[in-house]
Amino acid sequence: MVDSYQPLDHELALDRDCTTLSRHVFQQLQNFGPDAQDLSALMNRIALAGKLVARRLSRAGLMEGVLGFTGEVNVQGETVKKMDVYANEVFISVFKQSGLVCRLASEEMEKPYYIPENCPIGRYTLVYDPIDGSSNIDTNINVGSIFAIRQQQGEDLDDSASDLLQSGRQQIAAGYILYGPSTMLVYSIGKGVHAFTLDPSLGEFILSNENIQTPEHGPIYSVNEGNFWQWDEGIRDYIRYMHRHEGYTARYSGALVGDFHRILFQGGVFLYPGTVKKPEGKLRLLYESAPLAFLAEQAGGRASTGTQDILDVIPEKLHQRTPLIVGSREDVALVESFIQERAREEASVAVKT
Ligand code: AHG
Ligand code: MN
Ligand code: MN
């Protein structure tokens, strides 16, 4: 009887080194049709953007004009870092002459950017946060890029891009790039969540984790407790519960991508609730919360505003913000339970008065 063939070590290594992002998309879709070709090419372009940003970050301390502020304030009312501008332009550049993407909607641009030569044929829109966690850049702490791909619906004849104001369930792909000790690209096209690690010697993102599943529960809670005084009582009750019960540990980096990445792999919950100053929350729906919510659900987790699934929220404006509670199913539900309990108490008080 012929023994089953045992591949040689170098054949295994070669197969691993050849599992690039574009190949993985085809493996996922099990076909080479036009849509699969498009998605594979789209992911390839995003990978190129990630490599360009990673390269600049890796030498930022040695180059003029990379770190620090531009002196501008963006549509978010936030001061802009030079890396925000650079990364924003990188994503635009990699999609020119792609024939794929007609519009790019970015955290850094008030209106979407149109690439006219792509528009007649390019039916995709990239929504993205070019650098997430900008406050970390100048001190060499991890930052990320967040992206989602949506199919353009209709002709957008008035350049309002109003077809983007739809729920996160319209996303056909989503992911992020984490610029950490290694550069990782994590993505989903609706068939699970998969992570690729940049091999600088190859200049390729190589598959490193397939079908990532977030544990039902994890010990980590990730929140900026400096905002405690600004939170609703329900969130405060949850935090008090964390402080009074064994088995929880706090981790918070100031960059959503890194904090989410830890939760995705190890379980737990990240939350950025509404505050007195920003009742609707700080994080933006279209290119921060919705892409990560897509990943969270694909990995068996959840993402909520506290009262509604993030993926069901329909934005009224491009840069709409939302509270975000995302991570393990049990831990997201625990946060929601404190919000609901407070709401019940407040409702019963209201009835009595
Ligand atoms: P960005 O740098 O794209 O503006 O995003 C920063 C966000 C997010 O990355 C992070 O979780 C959050 O801001 C941190 O906010 P605080 O500094 O208020 O905690
Ligand atoms: Mn961000
Ligand atoms: Mn940003």
Side-chain angles (χ1 to χ4, degrees), residues 49-50 53 56-57 60 67-70 72-92 104-110 113 126-148 174-180 186 220-231 235 239 250-264 268-293 295-296 303 305 310 318-327:
V53 173
R56 194 164 179 91
L57 285 169
L67 298 177
F69 293 90
T70 62
E72 304 293 321
V73 173
N74 65 13
V75 63
Q76 316 291 342
E78 295 166 351
T79 50
V80 178
K81 290 281 182 71
K82 292 172 185 170
M83 266 309 296
D84 286 322
V85 173
Y86 174 82
N88 190 62
E89 288 165 6
V90 160
F91 278 88
I92 291 170
L104 295 94
S106 161
E107 177 188 85
E108 297 301 331
M109 301 186 292
E110 183 170 2
Y113 182 97
L126 182 83
V127 297
Y128 67 115
D129 176 1
I131 292 285
D132 170 70
S134 303
S135 61
N136 285 353
I137 291 178
D138 294 350
T139 49
N140 194 34
I141 296 169
N142 74 271
V143 294
S145 302
I146 307 172
F147 63 87
Y176 58 84
I177 300 153
L178 173 59
Y179 310 102
V186 178
I220 296 163
Y221 72 103
S222 183
V223 66
N224 180 348
E225 297 206 31
N227 292 331
F228 187 90
W229 63 279
Q230 294 195 62
W231 291 331
I235 298 290
I239 298 295
R251 290 285 185 277
Y252 191 75
S253 76
L256 170 61
V257 168
D259 290 329
F260 176 82
H261 188 76
R262 183 190 294 113
I263 299 282
L264 180 73
V269 62
F270 171 93
L271 52 159
Y272 205 108
T275 62
V276 166
K277 290 178 184 171
K278 291 196 172 77
E280 75 286 1
K282 172 181 183 181
L283 300 176
R284 282 64 43 150
L285 177 64
L286 210 62
Y287 38 75
E288 289 177 311
S289 300
L292 298 188
L295 295 178
T305 63
I310 289 284
L318 206 58
H319 300 290
Q320 179 161 318
R321 298 173 191 260
T322 175
L324 175 64
I325 303 162
V326 62

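One-based numbering along the sequence shown. Atoms within a ligand are numbered from 1 in the order they appear, just like the ligands themselves. In this text the structure is predicted, and so the values were computed from the model without any measurement.
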Participant: Between R251 and D259, what is the shortest heavy-atom contact and its length?
Facilitator: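 Here R251 and D259 meet closest at O-OD1, 4.3 Å.
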Participant: Near E78, which atoms of ligand 1 are under 4.0 Å from a heavy atom of that residue?
Facilitator: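 It comes down to these atoms of ligand 1: 4 (O).
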Participant: Could you report the tightest heavy-atom contact between G327 and I263, atom names first, then the distance?
Facilitator: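 So the minimum-distance heavy-atom pair works out to CA-CG2, 3.6 Å.
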Participant: Any idea which atoms of ligand 1 are less than 4.0 Å away from a heavy-atom of E288?
Facilitator: 3 (O), 5 (O)
Participant: With side chains defined as the heavy atoms from C-beta onward, is the minimum distance between E108 and V80 less than 4.5 Å?
Facilitator: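 Yes, side chains in contact.
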Participant: Could you establish whether S135 and ligand 1 come within less than 4.0 Å of each other, counting only heavy atoms on the residue side?
Facilitator: no
Participant: Please name the atom of E288, limited to N, O or S, that comes nearest to the Mn ion (ligand 2).
Facilitator: OE2
Participant: Take the angle between the ring planes of Y128 and F91 and call it parallel below 30°, perpendicular above 60°, tilted in between.
Facilitator: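 Answer is tilted, since the angle falls between 30° and 60°.
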Participant: Do Q320 and E280 have side chains that get closer than 4.5 Å, going by heavy atoms?
Facilitator: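 Counting from C-beta outward, Q320 and E280 never come under 4.5 Å.
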Participant: Output the atom name for the N/O/S atom of D132 with the smallest distance to the Mn ion (ligand 2).
Facilitator: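 It is OD1 of D132.
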Participant: Under a plain distance cut-off of 3.5 Å, with no hydrogens placed, do S134 and D84 share a side-chain donor-acceptor pair?
Facilitator: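 Result is yes, a qualifying pair exists.
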Participant: Do Y252 and F270 come within less than 4.5 Å of each other through their side chains, counting heavy atoms only?
Facilitator: yes
Participant: Can a donor-acceptor pair be found, under 3.5 Å and without considering hydrogens, that links the side chain of D138 to the backbone of G68?
Facilitator: yes
Participant: Any idea which protein heavy atom is nearest atom 15 (O) of ligand 1, and the distance to it?
Facilitator: K282 NZ, 2.9 Å
Participant: Heavy-atom distance under 4.5 Å between the side chains of I146 and Y287, does that happen here?
Facilitator: no
Participant: Examine E107 against ligand 1 and note whether any of their N/O atoms are separated by less than 3.5 Å.
Facilitator: yes
Participant: Give me the residue, atom name and distance of the protein heavy atom closest to atom 11 (O) of ligand 1.
Facilitator: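 So the nearest neighbour among protein heavy atoms is L256 N, 3.3 Å.
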Participant: Please report which non-hydrogen protein atom sits nearest to atom 10 (C) of ligand 1, along with the residue it belongs to and the distance in Å to one decimal place.
Facilitator: G254 O, 3.4 Å
Participant: Which ligand 1 atoms, with their elements, are less than 4.0 angstrom from a heavy-atom of S134?
Facilitator: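 It comes down to these atoms of ligand 1: 2 (O).
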Participant: Would a distance-only check, ignoring hydrogens and angles, find a side-chain to backbone donor-acceptor pair under 3.5 Å from H319 to V75?
Facilitator: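 Side chain of H319 to backbone of V75, a donor-acceptor pair under 3.5 Å: no, none is there.
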Participant: My understanding is that we take every heavy atom of each candidate and find the minimum distance to atom 14 (C) of ligand 1. Doing that for F270, Y287, F260, Y252, which one comes out nearest?
Facilitator: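 That would be Y252.
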Participant: Is it true that a side-chain atom of R321 and a backbone atom of K282 form a donor plus acceptor pair closer than 3.5 Å?
Facilitator: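 Confirmed, R321 side chain pairs with K282 backbone.
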Participant: If you measure every N or O of N227 against every N or O of ligand 1, does any of those distances drop under 3.5 Å?
Facilitator: no
Participant: Students should be able to answer this: which protein heavy-atom is nearest to atom 9 (O) of ligand 1, and at what distance?
Facilitator: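 Checked against all protein heavy atoms, atom 9 (O) of ligand 1 sits closest to D132 OD1, 2.7 Å.
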Participant: Quick one: nearest non-hydrogen protein atom to atom 1 (P) of ligand 1, plus distance?
Facilitator: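 Of the protein heavy atoms, G133 N, 3.6 Å lies nearest.
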Participant: With heavy atoms of Y272 as the reference, note each atom of ligand 1 found under 4.0 Å away.
Facilitator: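 This gives 15 (O), 16 (P), 18 (O), 19 (O) as the contact atoms.
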Participant: Does an N or O anywhere in L283 fall below 3.5 Å from an N or O of ligand 1?
Facilitator: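 For ligand 1, there is no N or O atom that lies under 3.5 Å from one belonging to L283.
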Participant: Taking all atoms of both residues into account, what is the closest heavy-atom pair of L256 and D132, and its distance?
Facilitator: N-OD2, 3.1 Å
Participant: Any idea which atoms of ligand 1 are less than 4.0 Å away from a heavy-atom of D129?
Facilitator: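 Those atoms are 3 (O).
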Participant: Below 4.0 Å, non-hydrogen atoms only: which portion of N224 touches ligand 1? Side chain, backbone, both or neither.
Facilitator: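 It is the side chain that touches ligand 1; the backbone stays farther off.
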Participant: Run the contact test for N136 against ligand 1 with a 4.0 Å cut-off on heavy atoms, strictly below, and give the result.
Facilitator: no
Participant: Has ligand 1 got any nitrogen or oxygen that is less than 3.5 angstrom from a nitrogen or oxygen of A255?
Facilitator: no
Participant: Looking at ligand 1, is there an atom of it that comes within less than 4.0 Å of some heavy atom belonging to I146?
Facilitator: no
Participant: Is G133 close enough that one of its N/O/S atoms sits under 2.8 Å from the Mn ion (ligand 3)?
Facilitator: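 False for G133.
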Participant: Going by an N to O cut-off under 4.0 Å, is there a salt bridge joining E78 and R284?
Facilitator: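 Between R284 and E78 there is a salt bridge, with a charged N closer than 4.0 Å to a carboxylate O.
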Participant: Identify, by atom number and element, the atoms of ligand 1 in contact range of I131, meaning under 4.0 Å from any of its heavy atoms.
Facilitator: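 With I131 as reference, the close atoms of ligand 1 come out as 2 (O), 3 (O).
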Participant: Ignoring hydrogens, what is the shortest heavy-atom contact between P130 and S106? Give both atom names and the distance.
Facilitator: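 Shortest heavy-atom separation between P130 and S106 comes out as CD-OG, 3.6 Å.
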Participant: Indicate whether any N or O donor in one side chain lies under 3.5 Å from an N or O acceptor in the other, for S145 and Y179.
Facilitator: yes
Participant: What does the angle at the Mn ion (ligand 3) come to, between atom OD1 of D129 and atom OE1 of E107, rounded to 10°?
Facilitator: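 Seen from the Mn ion (ligand 3), OD1 and OE1 are separated by roughly 100°.
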Participant: Should one rank Q76, R284, E225 by closest heavy-atom distance to atom 4 (O) of ligand 1, which comes out on top?
Facilitator: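 The option holding the nearest heavy atom is R284.
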